[in-house]
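Below: the structure, in structure tokens.
All heavy atoms count here, side chains included; hydrogens, waters and symmetry mates do not. Along the sequence shown, residues carry numbers from 1. Both ligands and their constituent atoms are indexed starting at 1 by order of listing. Owing to the predicted nature of the structure, the values given are computational and were not obtained by experimental measurement.
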Amino acid sequence: MGYTIVQKIIRDHLVSGEMKTGTEIGLKIDQTLTQDATGTMAYLQFEAMGIDRVKTELSVAYIDHNTLQAGFENADDHRYIQTVAKKHGLRFSRPGNGICHQVHLERFGAPGKTLIGSDSHTPTAGGIGMMGMGAGGLDVAVAMGGGTYYITMPRVIGVELVGKLPDYVGAKDIILEVLRRLSVKGGVGNVIEYYGEGVKSLSVPQRATITNMGAELGATTSIFPSDEVTRAFLRAQDREEVYVPLSPDPDAVYDSTLQIDLSALRPLAACPHSPDNVKPVSELAGMKIDQVCIGSCTNSSMLDMLTVAAMLKGKTIAPGVSLSISPGSKQVYTMLAECGALADMIAAGARILECACGPCIGMGFSPNSGGISLRTFNRNFEARSGTKDASVYLVSPETAAASAVAGVLVDPTTLGCAPKIHMPKKFLINDNMIELPASPEEADKVEVLRGPNIKPIPVGQAPAENLSCKLVLKVGDNITTDHIMPAGAKILPFRSNVPKLSEFCFTVCDKDFPERAKEVGGGVIVGGSNYGQGSSREHAALVPLYLGIRAVAAKSFARIHVANLINFGIVPMTFVNPEDYDKLNQMDDVTIDGFRDAVANSNEVTLTDKTIGAEVTLALNLTARQREILLAGGLLNETKNKSK
Ligand code: MIC
Ligand code: SF4
């Protein structure tokens, strides 16, 4: 039997395990990336490992998230990352150079290689035929040190694209259609591979929009073939030498398939508060809007920006609507300025922001109370915009631009013929905002500068012999990492200050949680299905650890989050009978006898709820490697123990 694209990349990078679906495999990682909101922690952990220089082919530290400097904290963290990168052999992409995923695609991504990044949208690189995966900062630190990255051997979902997109229907509409069909948990345990006639008609940035938002499906990664379109993109970036063709073997078998007829697609919108709550724009058309935000790592390419500029040219943004535009990179920004498209946007009344994540992570541009915001971003989780009662709709740049002008949600296909936008034959190449590392000889002289905001990382504990505690919090299905550890302009500056961060833990769901957890000394969290979906932020494990959380019992977990829980010594347990979830109540007293032994050897534990007098069976789906990490109280402890 032949291989699919991802299976070929896995085969070429396999370090441990067998390519048997559902079992743990270890991969060699060629490249890593970090961003600043997760990077500080990743480099503190890398330093703790005592490795002098990164051992990957390429590692890049980006600054793109925490760029609103309303105090010293973010600037200090940038300086720390800059100096630590210089010392340890990493390239440093300075603030102002752009969003990590967009810049990586432009300047570093390579078909057939593996990449992990401390950001869940690292699969953006799949647009170029690279196997990009989001990971916790500690896993990225390990990979930088030359260590193996572990995943579960995924199933492969093949998405066949046929036909050609009609005018004003975009790549965003394709991925929204996939989300509509598969849901935010439909990708868990899977990779998504795109194939078929329709692939050829999509440019690399369009493909990258689709693979980027595969993160919202919970997929391990998403990938497109590497073909002549890929080669042309790389040539236009002056990097044709990294091109290799990649396609599935003719007899490759997908575990399941779905087909999308591009010609039949219509503009779609993901309604509040989930990326899979998808409806046709035509059904919502006419809805009054307050704000439009265009940008983010999903839709900030040159192609997206030129489309928006052409649609805004000669028009004025509707009164009462505020439009923000954040180009994805310095390359895009400069080219927009040079060709005059930027002037068209400004003239129409757009508020042009720097090339960074910006409003996507709540760094400014929070909507008004009860406001309706259309965003070309990838996540519309409750409160992520910074305004709890705002309603965020995720749409294509085409829908966003048409609506910004009209002041109400507009189906752009009603506008007639779309402007013809062509991919540039040659991009503007100027890597002057990427600092190179010091040479190994010079590295000793580089001083790593730390600010006072950097506080020690909490250290995990080995599981107690018998666990006796409270069910300190009970939450529902699809809890996101934005619920567990919210971000935004006010909270993000404390990403390297866990004690301060803990004041905000779970406050979107329950404002008293941090106080209560401290009062009762932590305990166990009860969750529904797909617990921990969304971001790769390991803070969603580290902060609960700081608040005394020892285990989470859920119906199911999201991939990156469960790895983060284990890395920090929090035991993930799943309900054997999902109905048992309903029996348990917040603040019940519970015990698990023989907890540590079970973590060491057993596939199940019994949780006794003393308050209601019930017993519940929980599964421990752990590999031997994960058990060792948990018994040591986390991966850092385990690494230290091993090196003794
Ligand atoms: C996000 O989009 O949620 C983020 C902010 O980029 C996160 C990373 C973080 O929390 O710092 C992600 O996607 O992993
Ligand atoms: Fe940045 Fe938003 Fe992309 Fe996350 S999803 S990397 S916050 S632009």
Side-chain angles (χ1 to χ4, degrees), residues 33-42 62-68 74 77 81 93 95 98-105 116-125 132-137 139-140 172 175 208-209 211-216 218 275 293-301 304 324-329 332 353-365 375-386 392 394 480-489 491-496 501 504 532-543 558-561 563-564:
L33 69 80
T34 58
Q35 40 91 337
D36 45 337
T38 52
T40 320
M41 219 32 109
Y62 291 91
I63 305 292
D64 54 1
H65 281 61
N66 286 348
T67 54
L68 195 72
N74 291 345
D77 284 357
I81 294 174
S93 174
I99 306 174
C100 56
H101 309 302
Q102 175 66 26
V103 179
H104 210 83
L105 192 75
I116 65 168
S118 60
D119 193 281
S120 64
H121 290 104
T122 307
T124 311
M133 291 162 286
D139 281 331
V140 176
K172 181 62 147 269
I175 186 62
T209 293
T211 56
N212 171 285
M213 260 189 104
E216 276 51 70
C293 300
I294 298 176
S296 93
C297 57
T298 322
N299 277 120
S300 59
S301 66
D304 288 330
S324 77
I325 300 182
S326 338
S329 67
V332 173
L353 307 182
E354 65 178 321
C355 45
C357 299
C360 179
I361 190 54
M363 276 285 170
F365 248 82
R375 300 177 162 213
T376 66
F377 306 166
N378 45 36
R379 291 187 172 145
N380 59 346
F381 302 145
E382 186 184 6
R384 182 174 162 103
S385 66
V392 175
L394 306 176
T480 72
T481 48
D482 279 277
H483 290 111
I484 306 173
M485 200 48 257
I491 306 177
L492 275 172
F494 303 113
R495 278 290 177 92
S496 43
L501 219 47
F504 305 96
Q533 67 157 328
S535 143
S536 67
R537 62 190 73 147
E538 56 196 346
H539 305 80
L542 260 175
V543 174
R559 179 186 73 90
I560 307 177
H561 185 61
N564 285 337

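Residues N212 and H101 have side chains that never bring a donor and an acceptor to within less than 3.5 angstrom of each other. Using modelled atom types and a 3.5 Å distance limit, the side chains of N299 and T376 yield no donor-acceptor pair. Residues S496 and T40 bring no donor and acceptor atom of their side chains to less than 3.5 Å of each other. D77 and N66 share no side-chain donor-acceptor pair at under 3.5 Å.
The shortest distance between side-chain heavy atoms of I491 and M485 falls below 4.5 Å. The side-chain heavy atoms of C297 and D64, taken from C-beta on, include no pair separated by under 4.5 Å. Looking only at side-chain heavy atoms (C-beta outward), N378 and C360 come within less than 4.5 Å of each other.
Note on atom 2 (Fe) of ligand 2: protein N/O/S atoms under 2.8 Å are C360 SG.
Listed by chain and residue number, the protein contacts of ligand 1 are Q35, A37, T38, H65, D119, S120, H121, I361, R379, R384, R495, S535, S536, R537 (heavy atom within 4.0 angstrom).
In this structure, S93 OG and L33 CG are separated by 10.0 Å, a value rounded to the nearest 0.5 Å.
With R379 as the partner, the side chain to side chain donor-acceptor pair (under 3.5 Å) test is satisfied by one option alone out of S120, S296, S385, S535: S120.
Ring geometry, F494 versus F504: the interplanar angle falls under 30°, so the pair is classed parallel (tilted spans 30 to 60°).
Proximity to D119 (heavy-atom distance under 4.0 Å) selects the following atoms of ligand 2: 6 (S).
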